2 protein chains.
Amino acid sequence: MRMGRPREFDAETALDQAMEVFWRHGYEGATIAQLTEAMGINPPSLYACFGNKEGLLKAALDRYTKLRGVWMDEVVAAPTARDVAERMLMGIADKQTDPANPPGCLLVQGGIACGSGSENVPFELAARRAQNEDQLRDRFIRAKAEGDLKESSDPAALARYVSAVSVGMGVMASSGADREALRQVATVAVQAVEAQSVDKT
Amino acid sequence: MRMGRPREFDAETALDQAMEVFWRHGYEGATIAQLTEAMGINPPSLYACFGNKEGLLKAALDRYTKLRGVWMDEVVAAPTARDVAERMLMGIADKQTDPANPPGCLLVQGGIACGSGSENVPFELAARRAQNEDQLRDRFIRAKAEGDLKESSDPAALARYVSAVSVGMGVMASSGADREALRQVATVAVQAVEAQSVDKT
DNA sequence: CCACATCTGTAGTGAACACTACATATCTGG
DNA sequence: CCAGATATGTAGTGTTCACTACAGATGTGG
């Protein structure tokens with residue numbers, strides 16, 4: 001099997017740069033010119049490697065969720081449902097205001113509404129957000145089985161709730177909310193999970 | 001003063017149609033062709049009346065917040081902070097899944113991230129969301145003064161929290177969540193406000 | 001009825017967009 | 001060293017975008 005000329009750029013490093021552009025400008029707002037400049041390559045290299053703009057987005061999302069998945073595993077490893085929610089929301093407050101990244105969450109900033117021809121982009125992002133929600137739901141189901149959450153609690157509703165707060169915090173972060181403001185939101189939000197928990201006194 | 005030829009379309013009716021296009025496709029995803037077709041006019045009429053695309057968006061946002069403001073007044077008229085939160089979030093669950101409108105909230109769907117040249121669009125939307133948050137905060141300050149909310153509570157944080165949940169619910173609605181799912185989120189979310197309220201037993 | 005002002009429809013404008021043809025460069029297998 | 005295969009840089013491609021020039025239509029004031 002012939003190999004041909006090897007590519008001169010690192011795909012993952014380039015993806016990190018592309019991720020940041022999508023994160024900051026959204027899928028439709030990001031132009032190929034911006035992407036190629038950030039990635040340090042020319043359009044033909046981009047298309048040879050990722051197919052098209054949407055393929056590049058999906059590759060960037062894969063990388064994002066992969067990195068984020070490691071953190072999510074730590075989140076659901078917390079001992080109680082309340083601690084899971086706290087670790088999740090407090091972590092999000094910090095991550096979404098980390099100056100190393102654009103503010104907010106790529107799974108939201110990427111594109112909530114899109115024009116004709118990109119209708120599946122919001123769908124794609126929603127599917128990735130749903131993965132996190134599923135992970136939370138499974139964790140809360142376990143918490144209920146362990147007697148950590150009340151019998152009257154609804155693990156799926158709780159997971160949806162935490163997921164909704166996360167998304168809301170992301171939007172607030174992208175529009176300028178600082179870390180302290182997001183932490184306050186997280187602190188309040190955790191109390192709803194606490195209300196569904198069995199007292200430990 | 002000369003009057004000239006009168007316009008042949010109703011500006012508010014046209015704005016309602018434009019609002020729906022922005023709502024469904026976002027600012028960048030909406031094209032002038034889609035907007036003019038929905039409004040039933042030709043481009044020159046649009047530009048003569050609203051200046052440019054961004055001017056049309058602002059006019060649509062003005063109309064949206066005006067209509068929404070009436071409802072917000074009813075929300076903050078609820079007797080307690082807890083009831084304000086419940087009325088707000090339950091109402092949002094219903095409104096954002098009303099088949100008469102596109103799903104979600106225009107102030108979010110309009111555009112969270114935009115490309116170069118439209119950077120102020122997300123800012124504009126954020127400013128309108130902040131108005132609602134301010135209204136909630138003022139109501140919660142009153143609730144605290146009335147002894148409805150605990151002395152330890154933070155009205156500004158509570159308002160941010162309810163605002164964040166609202167936004168999160170909007171994003172979920174736009175990606176297919178049904179009314180029942182959103183109501184469950186609202187039900188859980190209200191419990192955090194309850195936890196900040198003085199017991200009425 | 002005329003001068004003027006404003007609106008409307010047709011038909012475009014230049015610019016920016018995602019994407020690619022093509023020639024050249026750099027690798028592997030033999 | 002050669003043949004085939006893949007990557008790269010230059011320089012475009014056609015399309016779509018927001019926006020507008022212009023001419024004709026429709027109103028008001030004198």
Side-chain angles (χ1 to χ4, degrees), chain A residues 1-15 17-19 21-22 24-60 110-111 113-121 124, chain B residues 1-15 17-19 21-22 24-61 110-111 113-122 124:
Chain A
M1 178 181 165
R2 313 298 180 89
M3 282 289 295
R5 176 175 175 177
R7 81 164 47 103
E8 295 182 0
F9 64 94
D10 177 57
E12 293 204 330
T13 306
L15 263 184
Q17 306 306 316
M19 202 169 77
V21 176
F22 283 133
R24 199 174 296 279
H25 298 291
Y27 175 74
E28 294 195 304
T31 69
I32 297 290
Q34 286 175 322
L35 290 164
T36 52
E37 180 174 357
M39 299 167 84
I41 61 177
N42 290 308
S45 299
L46 191 159
Y47 284 90
C49 191
F50 302 105
N52 56 17
K53 190 182 176 184
E54 200 169 327
L56 176 61
L57 175 72
K58 286 182 182 172
C114 277
S116 311
S118 309
E119 289 95 348
N120 44 337
V121 167
E124 188 78 27
Chain B
M1 178 176 165
R2 313 298 179 87
M3 283 289 296
R5 177 176 175 178
R7 81 162 49 104
E8 296 180 358
F9 63 97
D10 177 56
E12 292 205 331
T13 306
L15 262 185
Q17 306 306 318
M19 203 169 76
V21 176
F22 282 132
R24 200 174 296 279
H25 297 291
Y27 176 74
E28 295 195 305
T31 70
I32 297 290
Q34 286 174 324
L35 289 164
T36 52
E37 180 174 357
M39 298 166 86
I41 61 176
N42 289 307
S45 299
L46 190 159
Y47 284 90
C49 191
F50 302 104
N52 56 19
K53 190 181 177 184
E54 200 170 326
L56 176 61
L57 175 72
K58 286 183 184 173
L61 291 177
C114 276
S116 311
S118 310
E119 289 95 348
N120 44 337
V121 168
E124 189 78 27

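Owing to the predicted nature of the structure, the values given are computational and were not obtained by experimental measurement. The figures here come from the full heavy-atom set of this structure, side chains too, leaving out hydrogens, waters and symmetry mates. Note on naming: letters A, B, ... go to the chains in the order of the sequence lines (proteins, then strands), and numbering restarts at 1 for each one.
- Comparing A:Glu8 and B:Asn52 by the nucleotide of DNA chain D whose heavy atom lies nearest to each, the residue mapping closer to the 5' end is A:Glu8.
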Between the protein and nucleotides 15-17 of chain D, list every N/O to N/O distance that falls short of 3.5 Å.
none

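- With C:dT26, D:dT20, C:dA18 as the candidates, the nucleotide lying closest to the side chain of B:Tyr47 is D:dT20.
- For C:dA25, its base sits under 3.5 Å from the side chain of A:Arg5 at one donor and acceptor pair at least.
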Output side-chain donor-acceptor pairs under 3.5 Å for residues 43-53 of chain A, partner residues at least two apart or in another chain, one line each.
residue	atom	partner	partner atom	Å
A:Asn52	OD1	A:Glu54	N	3.3
A:Asn52	OD1	A:Gly55	N	2.8
A:Lys53	NZ	A:Tyr27	O	2.8
A:Lys53	NZ	A:Ala30	O	2.7

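- B:Leu56 has its CG atom 10 Å from the P atom of D:dC19, to the nearest Å.
- If you measure from atom CZ of A:Phe22 to atom C1' of C:dA18, you get 12 Å, rounded to the nearest angstrom.
- Between the side chain of A:Gln17 and the backbone N or O of A:Leu15, no donor-acceptor pair lies under 3.5 Å.
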Taking only N/O atoms, report every protein-nucleotides 10-13 of chain C pair under 3.5 Å with atom names and distance.
none

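- In this structure, A:Met3 places its CE atom 16 Å from C1' of C:dG30, rounding to the nearest Å.
- The CD-P distance, from A:Glu37 to C:dA18, rounds to 14 Å in whole Å.
- Which of C:dT8, C:dT26, D:dT28 sits closest to the side chain of B:Arg7 comes down to C:dT8.
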